[in-house]
Amino acid sequence: MSRMHQLSACPSCEEPLEEGDKFCGVCGYDLSAVPQPPGDHPTVALNGSGPHAPLEWPDAPELGSSDSPAPVHRPADLPGTDSGGRELPSAVRFDGPPAPDEYPLAAPAPAPASAPAPAPPAAPAPVPDPAADPRTAAPGTPPAGQAAGPVCVACRAGRVDDDGYCENCGHAQPRERDHMEQELGAVAAVSDRGLRHHRNEDSFAVSATALPDGSPAVVAIVCDGVSSASRPDEASAAAASAANESLLAALPRGTHPQQAMHEAIVAASESVNSLAQAQSDALEHDPHRHQNAPACTLVGAIVAGGLLIVGWVGDSRVYWVPVDRTTPPARLTEDDSWAAQMVAAGLMNEAEAYADERAHAITGWLGADAYELEPHTASFKPDRPGVVVVCTDGLWNYAEAAEEMARVLPADSHHRPLHSAQVLVGHALDGGGHDNVTVAVLPFPVPPQGAGSA
């Protein structure tokens, strides 16, 4: 047993382990009796620093605190305001003419790579590759003669039984939420448990609908459960689902996208609050037991009618990366965090604030024990094609500045959102994967000159 506590990585799949692990959380390997594992591979957290480049787009209709469309803000007059009436950061102008619209909204995704060919009946079961990440590797097909069913992510040959174990190698299979991917053509998202957490407390929802005039509207919601609260995984899932459902109901009715985002955040908050009520009822007979109310952060983006709408509560972020990488990228959200408050108050610069151990203490979240809910929303009107990156801090910890995010994002991200999301998650895992990692990628097109709704 004492040897088990000294293991730093699973001997089978090299998944990092924590003290007290008895089985590998990915492949199910029994750690109680194994040879001395290979040495640990230290990682370096690639935290970015430096000021981010805020963004300004012309003629972006916004909503005021009265929930009605506010006057149009022009670049020379005002960078813009959020739904709380606060001024957005000073802007960086785009120079040069707008780029032509060469990218359709729902660009077809490339065909997925074909699955590995089945092994010949007489051949032995393939040996798992220790360097492969079983959460992202394409599953193989079962040998000839074997009943159809889920294929083991470890040996990629055995069938998984109803109890979640491989009938060939006996390894337990990863939980469904450990690694999730979804693509809708115009948007894609990937969520991963990371390399240090026992479960994935992030969640996301991506969807597409149509406005009353028939034009498309694409939605991405990303939520990060607060680990210090109870049931953070349930909180993030409830918030993402509620916000998505609210938007899918509001946008086709003709609700202004910024107002729809505000209402979606409120709906998400109410959904998380309901978890606390259910928890309170369950603990009613045990007054000595205390649990913090479920809580999570939320960030979302809507691409609709030539507008980009963002909304958030907490420290998850939205980044803008132009297709033309000679123009500057930008971060479009401001964290509800201790570090952001220090920078806003002029007490620290951004590098100093985010280097502090208190940097990631959030000051806004969804949950019954949160302060008064203050949903932030902002509306932008891009004049050129680009890519919107919606992510949790599990990613931006390793690409904090907008310029860093742009360097990591593949050059063909406008055409391959799922591949791009996979690359971004891989970047966080390569950097250490100390937190759950979730990212959604939305290509933003520009309507042709003179185009308009009928």
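Index from 1, following the sequence.
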Q: Ignoring hydrogens and geometry, is there a side-chain-to-backbone donor-acceptor pair from R331 to R317 under 3.5 Å?
A: no
Q: What distance separates M180 CE from T438 OG1, expressed to the nearest 0.5 Å?
A: 6.0 Å
Q: If you apply the rule side-chain contact (heavy atoms from CB on, under 4.5 Å), what do you find for L195 with L429, and how did you get there?
A: CA-CA 7 Å; L195 305 180; L429 298 180; 4.1 Å; yes
Q: Looking at every heavy atom in both L251 and P212, which two are closest together, and how far apart are they?
A: O-CD, 3.6 Å
Q: Taking the side chain as every heavy atom from C-beta outward, state whether I362 and D336 have any atom pair closer than 4.5 Å.
A: no
Q: Does either side chain, that of N200 or that of S191, offer a donor lying less than 3.5 Å from an acceptor on the other one?
A: yes
Q: Hey, does the side chain of S230 reach the backbone of N292 with a donor-acceptor pair shorter than 3.5 angstrom?
A: yes
Q: Looking at side-chain heavy atoms only, is the closest gap between P375 and M261 below 4.5 Å?
A: no
Q: Before you tell me yes or no, could you show the steps for V219 and V187 under side-chain contact (heavy atoms from CB on, under 4.5 Å), namely the whole-Å CA-CA distance, both residues' side-chain angles and the distance that decides it to 0.1 Å?
A: CA-CA 8 Å; V219 171; V187 59; over 6 Å; no
Q: Compare every heavy atom of S227 with every heavy atom of E201, then report the nearest pair and how far apart it is.
A: OE1-OG, 2.7 Å
Q: Can you give me the closest heavy-atom contact between D356 and M348, atom names plus distance?
A: OD2-CE, 4.2 Å
Q: Report yes if the side chains of V318 and V388 come closer than 4.5 Å at any heavy-atom pair, otherwise no.
A: yes
Q: Side chains of D335 and W396: closer than 4.5 Å at any heavy-atom pair?
A: yes
Q: Before giving the answer on side-chain contact (heavy atoms from CB on, under 4.5 Å), spell out for Y398 and H434 the whole-Å C-alpha distance, their side-chain angles and the decisive distance to 0.1 Å.
A: CA-CA 10 Å; Y398 301 98; H434 286 79; 3.1 Å; yes
Q: Distance from T297 atom OG1 to W312 atom CH2, nearest 0.5 Å?
A: 13.0 Å
Q: To the nearest 0.5 Å, how far apart are CD in Q258 and CD in E263?
A: 11.5 Å
Q: What verdict does the side-chain contact (heavy atoms from CB on, under 4.5 Å) test give for L308 and W320, after you've listed the backbone C-alpha separation in whole Å, the side-chain angles of each residue and the deciding distance to 0.1 Å?
A: CA-CA 10 Å; L308 168 58; W320 163 261; 4.3 Å; yes
Q: Measuring only between side-chain heavy atoms, which start at C-beta, is C391 closer than 4.5 Å to Y319?
A: yes
Q: What's the spacing between L395 CG and D202 CG if we round to 0.5 Å?
A: 10.5 Å
Q: Can you find a heavy atom in the side chain of I302 that is under 4.5 Å from one in the side chain of L442?
A: no
Q: With side chains defined as the heavy atoms from C-beta onward, is the minimum distance between N436 and T392 less than 4.5 Å?
A: no
Q: Nearest 0.5 Å, what's the NE2-OG distance between H415 and S420?
A: 10.5 Å
Q: Say whether, by atom type as modelled, one donor and one acceptor occur between the side chain of E352 and the main chain of N349 under 3.5 angstrom.
A: yes
Q: Tell me which donor-acceptor pairs under 3.5 Å the side chains of residues 239-249 have, and how far apart each pair is, sequence neighbours excluded?
A:
{"unit_1": "S241", "atom_1": "OG", "unit_2": "E245", "atom_2": "OE2", "d": "3.3"}
{"unit_1": "N244", "atom_1": "OD1", "unit_2": "S207", "atom_2": "OG", "d": "2.6"}

Q: Decide whether H179 and E181 meet the rule of one side-chain donor and one side-chain acceptor closer than 3.5 Å.
A: yes
Q: V441 and S413: which non-hydrogen atoms are nearest, and at how many Å?
A: CG1-O, 4.5 Å
Q: Once rounded to the nearest 0.5 Å, what's the spacing between atom NE2 of H360 and atom CG of D435?
A: 9.0 Å
Q: Measure the shortest side-chain to side-chain distance between L424 and L409 over non-hydrogen atoms and say whether it is less than 4.5 angstrom.
A: yes
Q: Has the side chain of D393 got a donor or acceptor atom that lies under 3.5 Å from a matching backbone atom of D315?
A: no
Q: Quick one: does H414's side chain have a donor or acceptor within less than 3.5 Å of a partner on F444's backbone?
A: yes
Q: Is the shortest distance from a Lys or Arg side-chain nitrogen in D324 or R384 to a carboxylate oxygen in the other one below 4.0 Å?
A: no
